[in-house]
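So the structure is just underneath, and the comments pick up after that.
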Amino acid sequence: MKRLAQMTVVLCTVLLMAGCGGGNNTAVQSTTQPTKEPAAATAAAEATPAAEEPSTDSASTVKPVTFSYYSNYDWDTTEQWGADSTTRWIADTLKVNMTPVQSSGAAETKFSTMIASGSLPDVIMTDRGASVERLRQGGMLVALDEYLDKYPNLKNNAGEATLGMLRSDDGKLYQFPNWYTSSPNGNGGWIINKKIYKELGSPKLETYEDLYAYLKLVKEKYTDVVPLEVGAKGRGIDTMYGGWAENKPYLAKANPVGNELKSIFEDEVFIENMQYASKLFRDKLISQDVFTQTGDQINEKLKTGRVAVYVDGDVVNPGRGADGALKATDPEAGYEIIWPIHKAGLDAAKITPNNYNSLGWNVLVITKNAKDPEAIFSYLDWVTGEEGQRILNFGRKGLYWDETDADGVPILNAQGLSTEQAGKDKERIGRFNWVGNTTFIDQTKAKMDAQLPADKQNWTTLAQQKVTWKTSRNFTEFVNLDPLPDSEEGTIATAVNDIYQEVFAKTLYAKSDEEVLSLINKANEDAKKAGYDKLLKFQTERWQSNLSKMK
């Protein structure tokens, strides 16, 4: 997934999605950088108990409405409303219903066809930037400003600064953010196979020199194990980038230097990272099918213990599944997250392979085809508030919780304490949380997890608290730098993207550090001929504008 998202002009994501990482919206294990994978169609859940009465807040603010919804992603399939207990509760209690419009694996074509025919759905989930501006400039979107005070959850939770960053050039707000945050998040980093690590003597594994020595040892002792797995399309190499300098997570195809964005191909950190990755590839210490293997194939290797070390933009979600699968047959087996590997001499506390921004992952827009946009906004605003987030992410009251504590955190009931995570996953809780309030959910799920016995606590949540959230840097200043695709800068961006992807692959197959450098220098020349300097100037101006808004 994520490679395409990371190969946009400026930022990843990883996800995924959170998400990102993290992207999304599959059942919630991590609320950030969600994993962008197809959601499987599910059969209707078992009959829902009598619906709980809504609180005064929900009853008075949510207007009954039925709307159509389209997720503008190839990988996403929107499940049927009411097939799970949460949306049945919403339909029965709040009188809100949704009709899905599917991309059928061809989102770009579907999106363009809907625009050309004027048959837009009522609500669209899409990336910020070009997709939104295409609709806005065509006069197809509803401005949301008039609803902000009447339905104040978004305004109160996201804050004026974040909403200001989301406003279009005309000063109006058209975008309802998803997974916005006021606290660090992220799912990227490193996990290790605990059993292999212990059998090899638990050597120091902190620097890239340590890693190389360890991978060589794995290759020698375990012929059927991948020493280092770097994810589909090599996206874990982007995560490795964050270990070569302090406070420098991956920023695709641009390198901040002072007050300007410079060529990524002249970035010493990028060059050093690609030379190291190429060396690992030459020595057969990372997957040789890095550009052809799928996410499912990687997960299968993880779940069968055939990966010694895994680095990627999202390791906490696949890590949880793999850890559980291995422990099911051997309590001593499993995976453990470690502090990010880094270059010797750097301050480990300043290594940030993850980045987050207050705007979150993507956005929802309401089109002018909607008969009652205010009613739709009233529902979305309820969802992003405390009550909506509690129900959408942790299930309706009476399922796994009956009461909340003073902070609004659900107190797990007997069923919540006894039901295994695999059973909870069948409820598809979190699938329809399109306007995630990351800070509330992350803090809440951590407190709920602490209610469980140690052996039942969520591996993902623990990994996030222990490492990934602590190694994430705020990159809000770098959002919204992408030019429109049909602009001159957009055409240049497409060309630079193609050059980048080509050199990324070629450098892995290089036979020496010198060849890696030569390939990157050639890519830099080609990018400049394509107008790279003009693109960087455009992005620098957008970056500086962001900084002004944030002040």
Side-chain angles (χ1 to χ4, degrees), residues 1 15-19 22-32 34-49 51-52 67 69-71 73 75-94 96-103 123 125 178-179 295-296 299 314 316-318 320-321 324 361-362 364 379-380 382-384 387-401 410 412-413 415-416 418-438 441 444-445 448-449 458-461:
M1 76 113 179
L15 124 171
L16 31 131
M17 44 79 320
N24 160 335
N25 282 342
T26 52
V28 170
Q29 297 305 330
S30 164
T31 60
T32 60
T35 304
K36 298 184 177 180
E37 296 176 351
T42 57
E46 295 182 11
T48 307
E52 296 286 336
F67 59 90
Y69 167 86
Y70 173 69
S71 177
Y73 298 99
W75 48 266
D76 195 13
T77 299
T78 304
E79 296 170 19
Q80 291 297 317
W81 194 261
D84 62 284
S85 62
T86 304
T87 55
R88 279 205 304 278
W89 182 93
I90 291 171
D92 292 342
T93 309
L94 303 181
V96 173
N97 288 280
M98 180 274 292
T99 302
V101 178
Q102 308 292 4
S103 70
V123 176
M125 172 181 277
N178 184 24
W179 300 120
D296 287 342
N299 283 333
D314 179 6
V316 299
N317 286 303
R320 172 182 158 272
W361 173 33
N362 58 9
L364 265 66
Y379 169 68
L380 296 178
W382 172 80
V383 171
T384 210
E387 183 183 49
Q389 290 294 284
R390 195 160 44 234
I391 291 172
L392 267 292
N393 283 278
F394 306 112
R396 68 191 187 282
K397 182 179 178 181
L399 179 60
Y400 296 130
W401 58 277
L412 293 170
N413 57 23
Q415 187 172 349
S418 63
T419 304
E420 297 291 339
Q421 187 62 47
K424 293 178 180 179
D425 288 347
K426 293 177 182 179
E427 288 283 343
R428 305 300 286 156
I429 296 170
R431 183 66 184 97
F432 292 92
N433 186 14
W434 302 317
V435 287
N437 179 343
T438 302
I441 293 305
T444 300
K445 70 175 183 172
M448 290 182 68
D449 205 52
N458 190 296
W459 189 97
T460 291
T461 302

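As the structure is a prediction and not an experimental result, all values here were calculated from the model.
- Looking at every heavy atom in both residues, Gln102 comes nearest to Thr78 through NE2-O, 2.7 Å.
- Minimum interatomic distance between Asp76 and Arg431 (heavy atoms only, all atoms of both residues): OD1-NH2, 2.8 Å.
- Using modelled atom types and a 3.5 Å distance limit, the side chains of Arg396 and Ser85 yield a donor-acceptor pair.
- With sequence neighbours excluded, no residue satisfies ring-ring contact (aromatic ring centres under 6.0 Å, His included) with Phe67.
- Within the 4.5 Å cutoff, the side chain of Asn433 has heavy atoms near those of the Trp179 side chain.
- The nearest pair of heavy atoms linking Ser103 to Ser71 is CB-O, 4.0 Å.
- For the atom pair Met98 CE and Phe432 CZ, the distance stands at 4.5 Å (nearest 0.5 Å).
- Atom CD1 of Ile391 and atom OG1 of Thr87 lie 12.5 Å apart (nearest 0.5 Å).
- To the nearest 0.5 Å, atoms OG1 (Thr93) and NZ (Lys397) are separated by 12.0 Å.
- Here the straight-line distance linking atom CG of Leu412 with atom CG of Asp449 works out to 9.0 Å at 0.5 Å rounding.
- Nearest heavy atom pair, residue Asn393 against residue Ile429, reads O-CG2, 3.0 Å.
- With contacts defined as side-chain heavy-atom distances shorter than 4.5 Å, the pair Trp382/Val96 does not qualify.
- Glu79 is not listed as a side-chain neighbour of Asp84, based on a closest heavy-atom distance of 4.5 Å or more.
- Using a 4.5 Å cut-off on side-chain heavy atoms (C-beta onward), Arg390 and Thr444 make no contact.
- Side-chain contact between Leu380 and Trp434 is present, with at least one heavy-atom pair separated by less than 4.5 Å.
- Between Trp81 and Tyr69, the distance from one ring center to the other does not fall under 6.0 angstrom.
- Nearest heavy atoms, Val383 versus Gln389: O-NE2, 2.7 Å.
- Taking every heavy atom of both residues into account, Trp459 and Arg320 meet most closely at CE3-N, 3.4 Å.
- Between the Trp401 side chain and the Gly395 main chain, a donor and an acceptor come within less than 3.5 Å of each other.
- The structure places CE of Met125 at 6.5 Å from OH of Tyr73, a figure rounded to the nearest 0.5 Å.
- In this view, Thr419 and Tyr400, Gln415, Lys424 satisfy the side-chain contact (heavy atoms from CB on, under 4.5 Å) rule, not counting sequence neighbours.
- Within the model, atoms CG of Asn97 and CD1 of Ile90 stand 10.0 Å from one another, a figure rounded to the nearest 0.5 Å.
- With hydrogens and angles ignored, the 3.5 Å screen pairs a side-chain donor or acceptor of Asp314 with a backbone N or O of Val316.
- Under the 3.5 Å distance criterion, the side-chain polar atoms of Thr86 are left unmatched by any main-chain donor or acceptor of Leu392.
- Asn178 contributes a side-chain N or O that, together with a main-chain N or O of Gly436, makes up a donor-acceptor pair within less than 3.5 Å.
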